[in-house]
Amino acid sequence: MNAMNFVEPEERVALRKAAADLAGKYGHDYYAKKARAGEKTDELWNEAGQLGYLGVNLPEEYGGGGAGIADLAAVLEEFAAAGSPLLLMVVSPAIVGTVLSRFGTADQKKQWLPGIADGSKKIVFAITEPDAGSNSHKITTTARRDGGDWILSGRKVFISGVDEADAVLVVGRTEDAKTGRLKPALFVVPTDTPGFEFTKIDMDIVAPENQFSLFLDDVRLPAEALVGEEDAAIAQLFAGLNPERIMGASFSLGTARYALDKAVGYANERQVWGAPIGSHQGLAHPLAQVKIELELAKLMTQKAASLYDAGDDFASGESANMAKYAAAEVAIRAVDQAVQTHGGNGLATEYGLGSLVTAVRLGRIAPVSREMVLNFVGQHSLGLPKSY
């Protein structure tokens, strides 16, 4: 995206259309049916992978498109706008694919990136812990050396998609870095490794992807499981977290677009007192407000992606946090107003909105809470004293 004229390049416009056409073949009915049946959206995932949409941000030499996170975010936004978002796009190609591309060894890239790019392999991401919450400095998952191997022990919670993953990128710390500032050590842990166990967390969100608790009980890993450098500094971790926020924002943006489109369509068709209900300002103005806030959030998301792809990690961090915040808020507003516009029909299954009421609420919590975004902006953008 050109920072001066705010117009996406022709290639991305074409990519958006192609992604929208693909997702439109499936739609929200497909997504909701799969979710309610406890099934995966494998058909859409596999077709997207075969067509190259899942790996547009990964290096061409490993089967990717050689583009940036802005292009991958555009694909996810279009999928969500069609009612068929793919949550694991946030995780496997965006977080893990980016970290491996930037910091992985040649062997790690060769082993994992082609499969991530075409969708035949999935690696999910594990950072959150039960007792750490948003304070990543309190991570207790610990790696210690044992000869040429690593022994990894700890627990993680709310990890998406472990049941469909080939491996998990686990964030821990080395044994001699248990206290003080976080010096993350990242490990690729295949899900069939002895000592690695996971348990499903029951959720009220209707989605094809499940959440899990992980238990790592003296998991023995070879030396080559370590990604990047031991005690690699916080920059290596944030190489994946900024794309996570950008993709999370795009997920919310697409969902907001889906809800707004449903509301506008209904408001134009539904007649009460001899006129479409959209002619009444009580409905028209809230929908117009959603449209304005949606466009503002989209611009910030595009700015964050542009800065990240330009290699400005610090500036993209500020924008990515702001984008994630704004997109989550407008998604909640859009779904709420879409339900209100539909009246009782807004909670009827056939209209495809009711299940989103709970789902969009997640955007305020994950991948980073609204409150932590405000802390970041207060401290780093405004120069206010640290509050925590």
Side-chain angles (χ1 to χ4, degrees), residues 8 11-36 39-58 64-65 67-97 116-120 122 124 160-161 164 205-209 243-262 294 297-298 301-302 305 323-324 327-328 330-331 334-335 338 352-353 355-356 359-360 362-363 366-367:
E8 289 187 315
E11 295 83 359
R12 189 174 306 144
V13 174
L15 176 64
R16 280 186 179 276
K17 184 181 184 304
D21 289 345
L22 171 60
K25 293 195 315 181
Y26 292 88
H28 187 70
D29 288 344
Y30 160 82
Y31 178 89
K33 183 179 179 181
K34 289 286 186 178
R36 290 193 173 96
E39 299 174 356
K40 309 300 182 187
T41 49
D42 289 335
E43 297 86 357
L44 175 55
W45 179 274
N46 292 336
E47 189 169 359
Q50 291 163 8
L51 293 172
Y53 298 141
L54 300 181
V56 293
N57 64 311
L58 301 178
I69 202 67
D71 295 284
L72 188 67
V75 172
L76 178 58
E77 182 189 331
E78 295 304 323
F79 283 4
S84 289
L86 295 177
L87 176 62
L88 292 191
M89 283 185 66
V90 179
V91 185
S92 192
I95 303 175
V96 180
I116 293 175
D118 67 18
S120 61
K122 298 174 185 174
V124 297
S160 303
E164 49 188 309
I205 297 174
V206 180
E209 301 86 7
E244 178 186 40
R245 285 152 174 69
I246 293 166
M247 292 291 285
S250 298
F251 191 108
S252 292
L253 288 174
T255 304
R257 284 174 51 193
Y258 170 83
L260 182 60
D261 287 348
K262 297 279 285 187
L294 173 58
K298 185 172 181 177
T301 304
Q302 291 172 319
K324 183 267 175 193
V330 74
V335 170
L353 290 169
S355 62
L356 297 181
V360 291
L362 182 62

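Remember, predicted model here, so these are calculated numbers, not experimental data.
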Rounded distance [0.5 Å steps], NZ in Lys122 versus OG in Ser92: 8.0 Å
Pick out which of Glu47, Lys34, Glu43 makes a side chain to side chain donor-acceptor pair (under 3.5 Å) with Tyr26. Glu47
Closest non-hydrogen contact found for Tyr258 with Ala80 is CB-O, 3.7 Å
Smallest separation among heavy atoms of Pro93 and Leu54, with atom names: CB-O, 3.1 Å
Restricting to non-hydrogen atoms, name the atom on Asn57 and the atom on Ala94 that form the minimum distance, rounded to 0.1 Å. ND2-CA, 4.2 Å
What's the spacing between Ser355 OG and Arg36 CZ if we round to 0.5 Å? 5.0 Å
With sequence neighbours left out, the residues meeting side-chain hydrogen bond (donor to acceptor under 3.5 Å, both in side chains) with Glu78 are Arg16, Arg257
Result for side-chain contact (heavy atoms from CB on, under 4.5 Å) between Glu77 and one of Lys298, Met247, Gln302 points to Lys298
Enter the distance from Leu76:CG to Thr255:OG1 here, rounded to the nearest 0.5 Å. 8.0 Å
Relative to each other, are the rings of Tyr53 and Phe79 parallel, tilted or perpendicular (30° and 60° limits)? perpendicular
Val90 to Glu244 - nearest heavy-atom pair and separation: CG1-O, 3.9 Å
Residue pair Val330 / Leu294: nearest heavy atoms and the distance that separates them: CG2-N, 3.5 Å
What is the distance from atom CG of Leu58 to atom CG of Leu72, rounded to the nearest 0.5 Å? 7.5 Å
Test side-chain contact (heavy atoms from CB on, under 4.5 Å) applied to Val91 - qualifying residues, sequence neighbours left out: Leu88, Val124, Phe125
Straight-line distance of Asn46 CG to Lys40 NZ, nearest 0.5 Å: 13.5 Å
Atom of Leu22, atom of Ala48 and distance for their closest heavy-atom approach: CD2-CA, 3.8 Å
Kindly write out the residues that satisfy side-chain hydrogen bond (donor to acceptor under 3.5 Å, both in side chains) with Lys262, not counting sequence neighbours, or none if the list is empty. none
Kindly compute the distance separating CD1 (Ile205) from CG (Leu87), expressed to the nearest 0.5 Å. 9.5 Å
